[in-house]
Amino acid sequence: MAYRYVFGPVRSGRLGLSLGLDLTGDTVCTMDCVYCEVGRTTRLTTARAPYVPAKTLLDELAHWKEQTRQEPDYVTLGGKGEPTLNSDMGAIIQGIRSIFPHTPVAVLTNSTLLHDPQVRRELALADAVLPSLDSLVPAELRRVNRPHPDVDLAALTRGLLDFREEFDGRLLLEVLLVAGYNDSDANLALLREFIARLRPDRVDVVSMTRPGTLAAAQPVAPEALARWREALAPLARGPHGDTTTPRPGGARQFSTDAAPAPGQGHPPRPADADGAAQDRVAASIERRPQTAAQLAQALDLPPEAVRRALEALATQGRLRTTTSGGDAYHALRQG
Ligand code: SF4
């Protein structure tokens with residue numbers, strides 16, 4: 001069976017082996033970030049709706065579990081858009097708990113709907129929430145995140161602070177820097193002050209490692225990244241003690257880009273049938289660009305099966321390959 005809304009599992013720097021759930025089914029988001037790896041937002045909205053109904057998603061997840069018998073480290077709500085836009089999010093988190101009673105649930109969010117008490121109540125059902133916040137300078141936020149006109153920065157920060165008060169789980173904040181967009185000293189000063197008040201459990205400062213939606217959007221220099229990490233990471237309160245090991249980078253909706261630590265790789269299993277491997281590779285790169293090695297690792301597929309799957313997708317004209325940092329990243333052609 002080709003899965004539409006379940007993807008991975010993929011190796012995440014912050015969450016370990018993370019099984020992803022796509023709660024929007026398409027590029028539906030409250031923002032249209034210049035660094036987004038999924039592509040341009042096709043539906044820019046702040047309206048919540050059951051973009052993927054809970055039953056559809058949970059049926060697929062139960063099927064995935066039955067077929068694979070894998071236990072990921074986390075089930076992570078994310079996808080091609082902003083997961084909190086799905087008004088079934090609370091029911092989805094509760095449903096995951098009956099399918100995977102021993103697996104914690106994480107939610108990736110761009111923080112824009114946290115001003116809504118109902119969204120916060122649903123999010124608080126999760127074990128870990130990974131909000132992002134790229135700039136507190138309004139003009140920078142508009143340039144880097146290109147939010148829906150209804151997104152209000154003051155409401156966003158208030159929502160984050162309120163959620164911190166209400167939520168007992170892990171709060172892992174991420175700041176993604178784009179050179180010339182949000183790496184100003186003014187932003188650093190404002191974020192420092194805000195994060196000191198927020199006291200998340202961890203702060204990750206990352207930059208782009210793959211092409212975004214705008215060619216002009218480029219990563220910051222390693223020295224700048226190091227300076228920002230040094231300034232912001234210590235503001236986390238722990239207790240997880242992992243504030244100094246930010247994941248290597250990448251756009252946030254798929255915290256899946258960290259290379260596995262030595263020895264963490266899964267033993268290869270017998271090759272999937274080519275068709276099934278191709279479906280899994282296609283589903284994975286539809287949501288984020290990856291190298292062949294990352295795909296083999298994340299999907300637990302032999303490199304040869306990944307190579308054949310990529311070749312087949314290229315032959316079908318469905319593959320888009322770009323080079324970044326000397327590595328070839330494969331994505332599914334849109335439209
Ligand atoms: S990076 Fe995340 S918040 Fe930004 S447009 Fe893409 S899905 Fe939306």
Side-chain angles (χ1 to χ4, degrees), residues 5 7-8 10 12-15 18 20-49 51-52 76-86 89 106-116 119 123 129-136 140-153 155-157 159-160 172-178 181-182 204-219 247 249-257 284-290 324 329 331-332 334:
Y5 305 114
F7 58 97
V10 285
S12 158
R14 294 183 288 183
L15 300 174
S18 163
L21 298 185
D22 179 359
L23 262 66
T24 54
D26 207 342
T27 50
V28 182
C29 195
T30 54
M31 291 176 158
D32 183 20
C33 305
V34 295
Y35 55 76
C36 187
E37 294 174 352
V38 192
R40 288 296 306 258
T41 296
T42 50
R43 188 160 171 192
L44 185 67
T45 181
T46 55
R48 299 191 80 203
Y51 294 101
V52 182
T76 304
L77 278 53
K80 293 187 198 165
E82 169 54 33
T84 62
L85 277 171
N86 191 322
M89 181 174 67
V107 184
L108 307 168
T109 176
N110 63 19
S111 313
T112 50
L113 297 184
L114 288 180
H115 61 88
D116 179 345
V119 170
L123 265 185
V129 172
L130 293 76
S132 59
L133 181 60
D134 296 329
S135 184
L136 289 173
E140 288 186 5
L141 184 91
R142 283 197 296 276
R143 274 192 81 213
V144 74
N145 299 122
R146 299 186 293 197
H148 185 280
D150 288 351
V151 170
D152 178 73
L153 184 53
L156 184 157
T157 52
L160 264 171
L172 314 179
L173 186 76
E174 182 182 278
V175 179
L176 191 147
L177 297 176
V178 180
Y181 279 74
N182 64 330
D204 286 300
V205 184
V206 300
S207 193
M208 301 171 68
T209 56
R210 300 179 190 82
T213 59
L214 205 64
Q218 294 293 324
R247 69 194 176 92
R252 60 181 40 101
Q253 286 299 336
F254 307 92
S255 59
T256 55
D257 51 343
S284 190
I285 62 174
E286 184 181 11
R287 293 172 172 85
R288 61 159 298 168
Q290 289 162 82
S324 179
Y329 286 89
L332 209 61
Q334 292 193 340

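Both ligands and their constituent atoms are indexed starting at 1 by order of listing. Just so you know, these numbers use all the heavy atoms, side chains as well, and skip hydrogens, waters and symmetry mates.
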Next item on the list: For Tyr35, take its heavy atoms, then give the atoms of ligand 1 lying under 4.0 Å from any of them.
Entry: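 What qualifies from ligand 1 is 1 (S).
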Next item on the list: Would you mind running through ligand 1 and noting each atom that sits below 4.0 Å from a heavy atom of Asn110?
Entry: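 The list of qualifying atoms is 3 (S).
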Checklist line | Those residues that, when tested against Ser111, pass side chain to side chain donor-acceptor pair (under 3.5 Å) (two or more places apart) | finding: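 By the side chain to side chain donor-acceptor pair (under 3.5 Å) rule, Ser111 matches no residue at all.
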Check: Below 2.8 Å, any N, O or S contact between Cys29 and atom 4 (Fe) of ligand 1?
Finding: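 Coordinating: no.
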Checklist line | For Asp134 against Tyr35, the heavy-atom pair lying closest together | finding: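 Asp134 and Tyr35 have their closest heavy atoms at OD2-OH, 2.6 Å.
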Item checked: Which atom of Asp32 lies closest to which atom of Arg146, heavy atoms considered ->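 Reported closest heavy-atom pair: O-NE, 2.7 Å.
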Next item on the list: Would you kindly say whether Thr76 and Arg14 are connected by a side-chain donor-acceptor distance under 3.5 Å?
Entry: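 Per modelled atom types, Thr76 and Arg14 side chains form no pair under 3.5 Å.
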Item checked: Side-chain donor-acceptor pair present, Thr30, Thr112, cut-off under 3.5 Å ->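 Thr30 vs Thr112: donor-acceptor pair found between side chains.
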Check: Is the closest heavy-atom distance from Met31 to ligand 1 below 4.0 Å?
Finding: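 A heavy atom of Met31 does come that close to ligand 1.
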Next item on the list: Please confirm whether Thr41 comes under 4.0 Å of ligand 1, counting heavy atoms of the residue only.
Entry: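 So Thr41 counts as touching ligand 1.
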